[in-house]
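To keep things clear, I will list the structure first and then write my remarks on it.
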Amino acid sequence: MTPDATTSLRSQVREAIEAAWQRAQADLAPATAGEVPAAAGESPATPGGVPAEPQHAPIEIERPADPSFGDFASNLAMKLAKPYRKAPMEIARAIAAHVVTTATDAASPIASVEVAPPGFLNFRLADGALAATTTRVLLDPATWGRVSVAHPERINVEFVSANPTGPLHIGNARGAFTGDLLCRVLTAAGHTVEREYYFNDFGSQVKNLGGSVVAIREGCEIPEDGYHGEYVYDMARDLPAEILEQARQADEDPALAVGRWASEQVRAGIQASLEHLGCHFDVWRSESTLHKDGWVKQAVDRLRAAGDVYEEDGAVVFRSTKYGDDKDRVILRSTDDNAPTYFAADIGYIVEKFSRGYERIVFIWGEDHHGYVARVKAAAQSLGFDRDHVQMILTAWVRFIRDGKEIAMSKRSGEFITLDELLGEIGVDAARWFFASRAASSGIDFDIELAKKQSSENPVYYVQYAHARIASILRKATEAGISAPAGDDPRLSGLLASVLTGAPEAQLARQIARLPEIVEDAAASEETHGITAYATDLATTFHAFYRDARVIDEAEPDRSMGRLALIAAAKTTLAGALGLLGISAPESM
RNA sequence: GCGCCCGUAGCUCAGUGGAUAGAGCGCCAGGUUGCGGACCUGGAGGUCGUGGGUUCGAGUCCCGCCGGGCGCGCCA
């Protein structure tokens with residue numbers, strides 16, 4: 001539990017239900033002596049007849065679809081109907097009777113509990129809970145939205161990892177945003193995250209790239225399987241003569257030496273593009289260092305020691321079928337002096353990553369790599385790691401369409417749209433929102449012209465507009481000599497208590513208070529579309545508030561200050577939601 | 001052929017087994033003598049691909065079928 005994290009109101013209500021359920025046990029007289037019913041068929045009673053510790057699945061709490069049902073609803077009584085052999089309504093009434101509300105304890109976050117058919121428990125939040133939350137936002141705006149998962153982990157997330165043989169193209173966009181968004185959400189939930197980029201810096205494609213640069217430089221034809229993009233010509237022009245000279249003196253293939261130089265140029269360009277997107281990486285790891293530092297050899301040795309390799313036709317094969325793979329996989333080739341395969345390097349990489357102390361390693365892959373999942377997990381298991389600590393998140397394919405036709409992309413031909421070009425057209429914020437608002441597993445048709453046309457109508461601007469509008473009101477208030485009270489202002493609780501009796505104010509405070517839940521859900525599901533939906537909801541609620549409640553009114557200074565406190569909290573919350581998505585929150589636009 | 005993913009409003013997409021299936025865009029009709037009209041209010045628009053099953057309850061879980069995408073190298 002980090003001290004600056006927030007416990008969501010949902011968690012507080014869950015604890016209140018839990019406690020009420022415990023106190024209601026006597027009224028609910030178990031169907032069979034010694035049996036403690038479990039909420040969701042979990043944790044059977046101990047065989048000896050002694051009641052087990054009351055373990056059960058977490059009590060489910062949801063935001064009701066219909067706001068007239070209150071702020072939170074639980075289906076607990078319906079889940080308990082079978083084990084208790086009682087009607088859900090009866091159970092619900094028994095639990096409701098034991099819920100502590102503000103009627104008996106002024107500090108309770110719950111104002112009232114209602115029972116509704118077929119057995120729902122509906123809860124209403126107390127104004128005091130809303131005021132306390134608003135105060136907390138103002139007291140420490142920087143940490144508002146941070147929560148604390150039950151078991152924080154050190155997590156490595158590897159994403160993009162495109163080979164440095166050409167600039168990133170639009171096909172790399174989804175992986176970049178998906179990985180970055182995941183890292184932001186996991187961090188906000190209390191995990192420690194490192195972001196990693198893996199690239200091949202010595203393979204045949206790199207040599208190929210070097211060969212293409214050399215050919216252009218020397219006025220020859222580019223080899224048939226070479227690279228033709230404009231950036232190749234730029235590098236041929238910029239290639240320092242020393243590189244060629246040194247290669248000649250060392251009697252090295254110039255394509256190889258130039259390839260090393262060229263791929264580093266490209267890699268640096270990729271890094272710059274990613275930083276421009278707001279995607280920062282902590283670690284850049286090259287395939288060659290895995291071999292050089294002995295990780296690949298160590299991994300192969302460990303598989304061998306585990307008895308999971310055999311030789312076949314001169315090749316060394318990993319028996320991945322033992323761990324659920326479709327077929328066994330070659331790790332050392334029969335040719336090229338038993339050179340390791342790409343997969344062997346990946347196995348070495350697993351060993352290297354876990355040696356750094358991560359509890360979980362995550363890969364963001366395009367779904368075209370899904371066939372790779374089983375073999376990598378198999379390798380992890382054979383190496384003695386928990387296969388569940390190796391996680392793959394697959395992003396569905398994005399079809400880029402222009403004029404009704406899918407755009408084919410090929411780095412070698414140079415016929416592709418770069419990520420930089422796309423973002424120049426539609427803007428980073430709009431692009432981030434586009435990907436953040438869709439589940440990673442959902443296939444997307446990205447119509448370039450449509451996206452450009454719609455970028456000006458992108459909901460992201462609706463949210464940013466709400467933020468800028470609040471900023472404007474706060475500026476105006478300062479000019480009028482009224483300012484928003486700070487979180488530690490002794491008048492704050494009185495001002496909020498008075499102002500929260502109004503419907504627009506209470507609605508806004510309710511929306512603000514949801515942020516920690518949204519972060520919890522995003523981290524648990526490892527998806528961010530809940531955040532975009534929430535940000536839109538909050539903006540809508542603010543715009544309604546703006547319509548119904550005038551903030552600056554010199555004739556009503558107390559009411560003005562109470563409302564200023566609320567919109568300041570709303571502004572922080574909007575910025576927090578946008579920040580989770582890596583999107584800017586402008587003071588004006 | 002085998003495996004994985006997907007199928008929800010005209011379009012792009014949400015929907016942790018719960019109450020009347022939602023949002024944005026588009027379309028139609030309205031709204032401001034006041035803090036930013038990049039705003040607000042209302043409306044039309046759905047056999048949740050399809051047929052069974054499990055459940056007190058299924059868009060959600062299971063099976064079959066139809067349609068679409070991807071994968072099934074000692075390539076990376």
Side-chain angles (χ1 to χ4, degrees), chain A residues 40 58 60-62 64-66 68-69 73-75 78-79 81-82 87-88 116-120 122 163 165 200 203-205 287 312-317 326-327 329-336 338-346 366-374 394-397 399 433-434 437-447 450-451 453-454 456-466 468-477 479-480 521 524-525 527 529-530 532-533 536-537 539-540 542-544 546-553 560 563-564 567 588-589:
Chain A
E60 292 172 41
I61 307 248
E62 61 174 14
D66 185 339
S68 72
F69 294 139
S74 176
N75 60 3
M78 289 180 281
K79 293 281 186 202
K82 189 168 282 179
F120 286 104
N122 291 334
N163 277 341
T165 53
N200 182 324
S204 58
Q205 295 311 317
E287 187 180 344
E312 187 174 71
D313 304 331
V316 176
V317 184
D326 291 341
K327 55 179 78 165
R329 308 291 172 177
V330 172
I331 49 178
L332 300 179
R333 304 169 216 250
S334 58
T335 59
D336 294 334
N338 279 117
T341 60
Y342 181 87
F343 176 50
D346 255 18
E367 69 170 357
D368 54 331
H369 283 67
H370 68 74
Y372 215 70
V373 173
L394 303 178
T395 60
W397 207 242
R399 299 199 320 149
W433 186 277
F434 181 89
S437 58
R438 287 150 172 80
S441 63
S442 147
I444 297 179
D445 279 359
F446 196 114
D447 186 315
L450 198 64
K453 194 164 131 274
Q454 289 185 343
S456 61
E457 292 136 11
N458 194 301
V460 69
Y461 299 118
Y462 177 80
V463 177
Q464 289 180 320
Y465 179 71
R469 209 178 201 185
I470 294 172
S472 173
I473 297 173
L474 293 173
R475 282 192 300 269
K476 274 251 164 44
E479 287 166 19
D521 290 345
S525 63
E527 292 283 1
H529 46 257
T532 56
T536 307
D537 275 355
T540 298
F542 167 71
H543 287 306
Y546 176 87
R547 181 194 65 221
D548 296 331
R550 185 176 175 78
V551 176
I552 302 170
D553 183 354
S560 291
R563 286 179 176 173
L564 281 168
I567 66 166
S588 64
M589 51 194 292

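The structure displayed is predicted, hence computed values, not measured ones. Chain naming here is simple, since letters A, B, ... match the order of the sequence lines and numbering starts at 1 in each.
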If we take the P atom in both B:C39 and B:G26, what is their distance in whole Å?
-> 10 Å
Specify the closest pair of heavy atoms between A:L474 and A:L564, including all atoms of both residues, with the distance to one decimal.
-> CD2-CD2, 3.7 Å
Could you give the distance separating B:A21 and B:U32 at their P atoms, to the nearest angstrom?
-> 34 Å
Can you tell me how far P of B:C75 sits from NE2 of A:H369, to the nearest Å?
-> 13 Å
Integer angstrom distance from the P of B:U47 to that of B:C40 = 29 Å
Between B:U8 and B:A44, how far is it from one P atom to the other, in whole Å?
-> 22 Å
Base, sugar-phosphate alone, or nothing: which one does A:I61 contact when heavy atoms must sit under 4.0 Å apart?
-> base
Take the protein atom CG of A:N163 and the nucleotide atom C1' of B:C75, then report the distance between them rounded to whole Å.
-> 12 Å
Whole-Å gap separating P (B:G3) and NZ (A:K327) = 14 Å
If you find the nucleotide of RNA chain B closest to A:D368 and the one closest to A:S437, which residue's nucleotide is nearer the 5' end?
-> A:S437
A:K82 NZ to B:G17 P, in whole Å, measures 17 Å
Protein-proximity profile, nucleotides 34-42 of chain B, B/S/- by nucleotide at the 4.0 Å heavy-atom cutoff, equals BBBSBSSS-
Mind checking the C1' distance from B:C5 to B:G43? Whole angstroms is fine.
-> 37 Å
d(A:Y465 OH, A:H543 NE2) to nearest 0.5 Å is 7.0 Å
Span that lies between the P atom of B:G64 and that of B:C4, in whole angstrom = 10 Å
Could you give the distance from CZ (A:F69) to CD (A:E62), rounded to the nearest 0.5 Å?
-> 10.5 Å
Can you name the residues that form a side chain to side chain contact (heavy atoms under 4.5 Å, CB included) with A:N458, not counting sequence neighbours?
-> A:A430, A:W433, A:V460, A:Y461
Tabulate atom names and distances for all N/O pairs under 3.5 angstrom spanning the protein and nucleotides 4-10 of chain B.
| from | atom 1 | to | atom 2 | distance (Å) |
| --- | --- | --- | --- | --- |
| B:C5 | O2' | A:S441 | O | 3.4 |

Heavy-atom closest pair (A:F343 atom, A:V330 atom, distance to 0.1 Å) is CD2-O, 4.3 Å
How long is the line joining CD of A:E527 and P of B:C13, in whole Å?
-> 14 Å
Rounded distance in Å - CZ (A:R329) to C1' (B:A76) = 15 Å
Centre of A:F542's six-membered ring, under 6.0 Å away, within 45 degrees of the axis: is that where NZ or CZ of A:R469 sits?
-> no
Same-atom distance (C1') from B:A19 to B:C66, integer angstrom = 33 Å
Under the side chain to side chain contact (heavy atoms under 4.5 Å, CB included) test, residues paired with A:A468 that sit two or more places apart = A:M589
Close N/O contacts between protein and nucleotides 18-22 of chain B (under 3.5 Å):
| from | atom 1 | to | atom 2 | distance (Å) |
| --- | --- | --- | --- | --- |
| B:G18 | N7 | A:N75 | ND2 | 3.1 |
| B:A19 | N6 | A:N122 | OD1 | 2.9 |
| B:A19 | N1 | A:N122 | OD1 | 3.4 |
| B:A19 | N1 | A:N122 | ND2 | 3.2 |

Dot-bracket encoding per residue of RNA chain B, Watson-Crick/G-U cut-off under 3.5 Å, | denoting interstrand = (((((((..((((....[...)))).(((((.......))))).....(((((..]....))))))))))))....
Atom OH of A:Y372 to atom C1' of B:A76: distance rounded to whole Å?
-> 8 Å
For B:G24 versus B:U41, give the span between their P atoms, rounded off to a whole number of Å.
-> 10 Å
Quick one: label A:S334 by what it contacts on the DNA or RNA (base, sugar-phosphate, nothing), any heavy atom closer than 4.0 Å.
-> base
Rounded off to whole Å, could you give me the CZ-to-P distance for the A:R438 and B:G24 pair?
-> 14 Å
